[in-house]
Asker: 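Got a structure here, written out as structure tokens. Questions coming.
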Amino acid sequence: MMAARQRTSIASHGSSADWWIDTRMISPMRLVLAAAALLIIYIDPSQPDRLVGLTYSLLIGYTVYSAVVLLLSLIAPRRLPLGVLHWIDMIWYVALIAASSGTSSIFFLFFFFPILVASFRWGFASGLRTTIVSAILFITVGYLTAPEPNFELNRFLLRAVTLLVLGYMISHWGGSEIRLKHRLRLLKDVTNLSNPRFGISRTISLGLEALRSFYNARACILIYRAPNRAIELMRVDRGKSDPPLPKPINRELADLFLSPPTNVAVNYRKHSSNVRVYELESGETRTELLPNAAALANALGASNFVSIPVTYRGQFTGRLYVVDGQLRIDEAEVEFVLQSIQHVIPLLDNIGLLDRLASEAAAQERKKLARDIHDTVIQPYVGLQLGLMAIRQKLIGENSSAFNEVSELCEVANHEVRQLRTYLDELKAQEARYGVLFPAVRRFAEKYSVATGIAVEIFGEENLQLNDRLAAQVFQMIAEALSNVRRHSTAHRAEVEITCDATDLILNIRNENSNGAPPASFRPRSIAERADALGGTATINIDEANRTVVAIRIPL
């Protein structure tokens with residue numbers, strides 16, 4: 001499920017709105033730059049001093065090109081090839097330098113425009129790449145096209161060095177800004193992942209997936225001490241959609257995973273016993289021998305990994321492993337990961353408290369319901385059972401057809417009493433169970449089909465992990481939807497689909513329409529109210545096969 005929460009959702013370059021606002025800012029500035037250059041050389045024509053006609057033609061062409069890009073950014077922004085526009089700009093600038101004064105050309109300053117765009121839109125690597133290409137083109141083309149009698153070596157060298165130095169600084173600052181935005185977005189996403197209905201384990205797994213996606217890692221693993229003092233492991237892997245559950249691990253494996261010193265983060269690279277160590281208290285980074293490094297890598301199935309200690313209220317509780325990812329040991333990255341962990345821990349506390357309160361309230365309600373059923377349902381059933389048995393005894397010596405009928409009634413009463421007692425035993429169980437929804441829906445569908453003659457097909461994610469409290473709400477919505485099929489249609493078949501995507505639990509209950517006619521418009525009030533209470537939605541629509549579909553989405 002969580003594989004859909006990909007790196008692009010967390011480490012994207014801002015929201016879609018921010019992206020296109022940025023694009024519409026760059027396009028006017030490109031046009032202003034081109035038009036201003038054309039106006040300036042018209043006012044003061046000291047440059048260009050050769051190939052004047054060609055230079056003016058190129059500058060006019062660049063101005064028209066900039067106007068076209070601006071127009072497209074306003075009317076059809078998604079058609080713009082954003083990844084290549086700054087390279088196209090660079091080609092224009094090289095042509096202008098070649099046509100004017102070579103290394104002494106006033107158009108040299110234009111190169112900082114694509115460097116700024118690449119750095120602040122795509123980060124350090126893109127900005128540095130643009131800087132190096134700009135410097136190479138300027139040095140090569142400018143030198144080859146410079147007028148020999150007036151060639152100024154000092155200006156040529158100083159401009160090349162200035163382009164490299166300032167380009168590198170711009171790239172660094174642009175990359176830093178993008179990293180900070182990514183980190184803020186990750187912290188925001190991690191905060192939004194918490195949902196008391198899904199418990200602590202699911203919140204941890206979603207947080208692990210967010211970190212794995214952010215660092216483009218193959219896996220993210222948390223080894224921690226559970227409240228029952230057992231050592232548990234939770235792992236999320238790239239490409240796996242099923243939500244992970246905590247798994248207890250044996251003592252030997254736990255000792256191996258927790259073997260690095262509790263006050264350091266370590267970075268292991270392939271084929272080396274030496275690891276880079278970052279000491280949390282002093283901030284010192286060094287290289288040292290870690291005897292268990294190779295064994296840890298084998299246990300993780302990793303060519304490289306980063307391990308960071310996890311603390312809770314000042315006490316060491318486990319370690320986080322980022323496997324085969326882009327996380328590197330330095331003060332900024334380690335502190336950010338630690339900050340992310342500390343950001344989640346209070347949420348886990350709140351979820352745990354809410355979960356305990358809900359469990360206790362549910363347990364009390366179950367006990368009350370069990371007492372009420374025992375006093376108001378089972379006791380009269382037992383009385384009915386005893387009465388039927390007494391009548392049956394009187395009929396034993398008589399040759400009456402009523403004897404068989406009374407015997408059948410006795411069996412029905414016995415069966416119902418057993419069912420009720422089993423139900424009471426289940427009510428008294430206080431723990432929140434998982435994976436109960438699909439079996440419960442399947443049992444209900446079988447009884448529903450027998451009672452109504454409407455065949456019901458159940459399909460979807462059978463191993464869906466929902467606790468019993470949420471599953472009960474979902475079950476009631478499915479039961480109500482199937483009840484509406486019986487009351488409001490003449491369908492002979494129905495389907496119940498239970499799936500999840502990256503963010504929602506999805507229920508689709510479909511049924512045939514009589515004579516192919518669409519049903520009258522209606523809104524199932526009880527289903528809609530339950531969905532609203534869970535923060536979701538319930539809608540009615542018609543699919544491609546002309547079937548009525550009750551579509552329910554519950555946010556995870």
Side-chain angles (χ1 to χ4, degrees), residues 7-34 36-37 66 69 73 80-94 106-139 157-189 211 213-216 267 278 283 285 325-340:
R7 183 175 175 81
T8 53
S9 68
I10 293 175
S12 61
H13 301 285
S15 66
S16 177
D18 292 340
W19 177 262
W20 294 115
I21 289 172
D22 187 45
T23 299
R24 290 175 180 177
M25 183 273 292
I26 292 171
S27 298
M29 292 303 101
R30 178 186 289 107
L31 179 59
V32 168
L33 185 64
S66 300
V69 171
S73 70
L80 288 174
L82 300 180
V84 299
L85 286 181
H86 62 292
W87 296 110
I88 297 174
D89 289 331
M90 197 180 301
I91 294 172
W92 281 105
Y93 305 154
V94 170
I106 61 173
F107 302 114
F108 156 78
L109 295 173
F110 279 17
F111 279 117
F112 290 105
F113 181 78
I115 293 173
L116 281 165
V117 171
S119 300
F120 284 90
R121 174 167 279 169
W122 289 285
F124 174 74
S126 180
L128 184 60
R129 186 164 51 247
T130 307
T131 297
I132 293 172
V133 173
S134 297
I136 292 173
L137 289 175
F138 170 72
I139 292 170
L157 294 176
L158 186 59
R159 286 191 168 193
V161 172
T162 301
L163 186 59
L164 288 170
V165 171
L166 294 184
Y168 177 83
M169 293 176 66
I170 292 170
S171 302
H172 178 77
W173 284 332
S176 297
E177 181 182 356
I178 288 176
R179 282 197 303 273
L180 289 174
K181 288 181 178 179
H182 293 173
R183 289 174 179 177
L184 288 173
R185 193 167 296 110
L186 174 63
L187 292 176
K188 177 183 176 182
D189 287 348
L211 278 174
S213 177
F214 183 79
Y215 288 110
N216 196 26
N267 187 2
Y278 173 78
T285 302
Q326 297 176 355
L327 175 60
R328 298 292 182 266
I329 287 291
D330 61 50
E331 181 178 1
E333 289 295 342
V334 173
E335 291 298 332
F336 169 67
V337 175
L338 290 173
Q339 183 183 9
S340 301

Asker: Looking only at non-hydrogen atoms, find the nearest pair between Gly123 and Ile178 and report the distance.
Answerer: N-CD1, 3.1 Å

Asker: Write out all pairs satisfying salt bridge (charged side-chain N to carboxylate O under 4.0 Å, His left out) with one or both partners inside residues 109-119, taking only residues at least two apart or from two chains.
Answerer: none

Asker: For Thr131, enumerate each residue passing the side-chain hydrogen bond (donor to acceptor under 3.5 Å, both in side chains) test, keeping only those at least two apart in sequence or located in another chain.
Answerer: none

Asker: Please name all residues satisfying side-chain hydrogen bond (donor to acceptor under 3.5 Å, both in side chains) with Thr162, sequence neighbours left out, ordered by chain then number.
Answerer: none

Asker: Which pair of heavy atoms, one from Gly127 and one from Ser171, lies closest together, and at what distance?
Answerer: C-OG, 2.9 Å

Asker: Quick one, Ile115 with Leu163, criterion side-chain contact (heavy atoms from CB on, under 4.5 Å). Give me CA distance, side-chain angles, the key distance, then yes/no.
Answerer: CA-CA 10 Å; Ile115 293 173; Leu163 186 59; 3.8 Å; yes

Asker: Under the side-chain contact (heavy atoms from CB on, under 4.5 Å) criterion, do Arg121 and Ser126 qualify, and how do the steps go?
Answerer: CA-CA 9 Å; Arg121 174 167 279 169; Ser126 180; over 6 Å; no

Asker: Taking only residues two or more places apart in sequence, or in another chain, which ones meet Arg129 in a side-chain hydrogen bond (donor to acceptor under 3.5 Å, both in side chains)?
Answerer: none

Asker: Fit a plane to each ring of Tyr168 and Phe124, take the angle between them on a 0 to 90° scale, and name the class: parallel (under 30°), tilted (30 to 60°) or perpendicular (over 60°).
Answerer: perpendicular

Asker: I need the minimum non-hydrogen distance between Phe113 and Arg30, along with the two atoms involved.
Answerer: CZ-CB, 3.8 Å

Asker: Which pairs, with at least one residue in residues 166-180 and sequence neighbours excluded, count as a salt bridge (charged side-chain N to carboxylate O under 4.0 Å, His left out)?
Answerer: Glu177-Lys181

Asker: Which residues pass the side chain to side chain contact (heavy atoms under 4.5 Å, CB included) test with Leu109, not counting sequence neighbours?
Answerer: Phe112

Asker: Between Asp89 and Phe110, is the side-chain contact (heavy atoms from CB on, under 4.5 Å) condition met? List the steps.
Answerer: CA-CA 9 Å; Asp89 289 331; Phe110 279 17; over 6 Å; no

Asker: Atom OG of Ser66 and atom CG of Leu33: how far apart are they, to the nearest 0.5 Å?
Answerer: 7.5 Å

Asker: Nearest 0.5 Å, what's the OH-CG distance between Tyr93 and Leu137?
Answerer: 13.0 Å

Asker: His86 and Pro114: which non-hydrogen atoms are nearest, and at how many Å?
Answerer: O-CB, 3.6 Å

Asker: Can you tell me how far apart CD1 (Ile170) and CG (Leu128) are? Round to the nearest 0.5 Å.
Answerer: 12.0 Å

